[in-house]
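Note sheet for the following structure.
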Amino acid sequence: MKYKIEQSLSDSKARAGTFSTGHGKINTPAFMPVGTLGSVKGINTRELKRDINSQILLSNTYHLYLRPGIDVIYRAGGLHEFINWDRPILTDSGGYQVFSLSENRKLTEEGAYFRSHIDGSSHMFTPENVVDIQRAIGADIIMAFDECTPYPCDYEYAAKSLDLTHQWLDRCVKRFNSTEPRYDYEQCMFPIVQGSVYDDLRRRSSEYVSEVASSGIAIGGLSVGEPTTLMYEMTDIVTDILPKAKPRYLMGVGTPVNILESIDIGVDMFDCVIPTRNGRNGMLFTKEGIINIKNEKWKDDFSPIEENGESYVDTYYSKAFLRHLTVSKEMLAGQIATHHNLSFYVWLVREARNRILQGNFKSWKERMCSKLNLRL
RNA sequence: GGGGAGGUACCAAAGUGGCCAACUGGGGCAGACUGUAAAUCUGCUGGCGUAUGCCUUCGUAGGUUCGAAUCCUGCCCUCCCCA
């Protein structure tokens, strides 16, 4: 796996690069749609590839392990075959579920003991078996097993948790290096920086993680409820320390503005459920601002969803029709919104890349950000 | 013609003397959502007001009572069964 920086700027930490994986190259900055269960909700892989032109998608170790089960995915020939997707896949390790399903799990030094949210059965996730599972899933990018700390999180806990995450990282690396891919392509693993919202912990983690031989590095534990300014601050601190020659993946981020601001401080990869989930709940992101399509004001607005949008659905359907579908809870509403939002997100990072390559990212970002938070 | 049931807010439907401006659904309006237990969740929904509050509401007109959506009387309307 190799990362090549094609352009960096003098007035910004933003970079444009390419990252090679077992299923081809990814241009960065890149956005990864979230397909937790092996499916990006509301859209199929054919459209995701041909219409949205997503370069990569994200899936989840914990969820796929519980259902359909890793044996099924292995017998299918790996997740790519199973879901019919021939581009890169990144799998989250289940570290986020340590946070989001905290009521159903117990942490020990050995690993995380989960009670299945589906059937209540008990499962132990360790750094070792989480690597093994991701090997079997066939992820191009495997994530190290970490603890995503909540916010707020007191210093003492954050420090202790960080030590655990680092120990787990060492075990993940050891396991990863002592195992082979299960399929005929290369896999790589990203370690994860933690440290909650504490400068010194973030620095310590960045330095620790930078020492690990890896193809890329993730920044985790952010966008969990902390003020956005803190998220940027922490990210800024981290990207100053991480090696320049590796892609940086800011996990779980974010809104269009979050993404542009984070690109500006040196982040290369993103994933977030916002375009899909918020889309299903009626929120549309456009170049002119945010639309809540459920609002009464769109009732008789027969203009296109987005006049100069990036997706065919934008001019194929009107706001009034999409509002009607959304209010009526028609399945098609979520599908259209998902299609639109993912197209927008993919366009946003692709355009950011173009601007970086052209050298005028900063001014473009400023202009975009002033619009992207507007409520239409 | 005889017998029976019932009329509650936008709709449906609880409530049968004070805890009722009135349960609960639906509908309507608004908001939330950041490595997805989410096509989910939250708030508001008679009027005025930031609010303790005030005003007008449970078919309709009266009455009983300190007090009525709830009890009594007249009237109007709806539905069911029998002829």
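Chain A is the first sequence line, chain B the second, and so forth, proteins listed ahead of strands; every chain is numbered from 1.
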- With sequence neighbours left out, write down each residue that passes ring pair (Phe, Tyr, Trp, His ring centres under 6.0 Å) with A:Phe82, or none if nothing qualifies. none
- Calculate the interatomic distance between A:Asn295 atom CG and B:C29 atom P; express it in whole Å. 9 Å
- Message: Suppose you measure atom C1' in B:G1 against the same atom in B:G62; what distance do you get, rounded to whole Å?
- Response: 30 Å
- Message: Would you measure the distance from the C1' atom in B:U60 across to the matching atom in B:G2 and give it in whole Å?
- Response: 27 Å
- Message: For the P atoms, the ones on B:C58 and on B:C10, what distance do you get once it is rounded to whole angstrom?
- Response: 12 Å
- Note on the structure: When both distances are under 3.5 Å in a Watson-Crick or G-U wobble arrangement, the nucleotide paired with B:A12 is B:U24
- Salt bridge flag under 4.0 Å for residues A:Arg171 and A:Glu110: yes
- Query: Taking the six-membered ring of A:Phe176, is the NZ or CZ of A:Arg135 close enough (under 6.0 Å from the centre) and on axis enough (within 45°)?
  - Reply: yes
- In the strands shown, is B:G67 matched to any nucleotide by a Watson-Crick or G-U wobble pair with both distances under 3.5 Å, and which? none
- Query: Whom does B:C48 pair with, Watson-Crick or G-U wobble, provided both distances fall under 3.5 Å?
  - Reply: B:G53
- Task: Return the residues of residues 309-332 of chain A meeting this criterion: a heavy atom under 4.0 Å from some atom of RNA chain B. Order them by number, or give none.
- Result: A:Arg323, A:Val327, A:Met331
- Item | Residue pairs involving residues 332-342 of chain A (criterion side-chain hydrogen bond (donor to acceptor under 3.5 Å, both in side chains); sequence neighbours excluded) | A:Asp314-A:His340
- Task: Between B:G15 and B:C20, how far apart are the P atoms? Round to whole Å, please.
- Result: 15 Å
- Item | B:G59 versus B:A69 - spacing of their C1' atoms, nearest Å | 12 Å
- Message: Suppose the criterion is ring-ring contact (aromatic ring centres under 6.0 Å, His included): which pairs have a residue in residues 192-218 of chain A, not counting sequence neighbours?
- Response: A:Tyr155-A:Tyr198, A:His166-A:Tyr208
- Pairwise P distance for B:C77 and B:C41, with rounding to whole Å: 46 Å
- Mind checking ring pair (Phe, Tyr, Trp, His ring centres under 6.0 Å) for A:His324 and listing every partner two or more places apart, or none if nothing turns up? none
- Message: Filter on side-chain hydrogen bond (donor to acceptor under 3.5 Å, both in side chains), then keep only pairs touching residues 270-285 of chain A, sequence neighbours left out; what's left?
- Response: A:Tyr249-A:Asp271
- Query: What residues, two or more places apart in sequence or in another chain, satisfy ring pair (Phe, Tyr, Trp, His ring centres under 6.0 Å) together with A:Phe361?
  - Reply: none
- Task: Using the C1' atoms only, state how far B:A39 lies from B:G47, rounded to an integer number of Å.
- Result: 37 Å
- For A:Phe114, all residues meeting ring pair (Phe, Tyr, Trp, His ring centres under 6.0 Å), sequence neighbours excluded: A:Tyr62, A:Phe125
- Would you kindly give the CH2-to-P distance between A:Trp298 and B:A30, to the nearest whole Å? 11 Å
- Taking the same atom, C1', in B:U45 and in B:G25, what whole-Å distance lies between them? 14 Å
- Item | Assigned partner base of B:A5, Watson-Crick or wobble definition, under 3.5 Å | B:U78
- Sugar-phosphate means primed atoms, P, OP1 and OP2; the rest is base. With that split, encode nucleotides 32-37 of chain B 5' to 3' as B, S or - using protein heavy atoms under 4.0 Å. BBBBBB
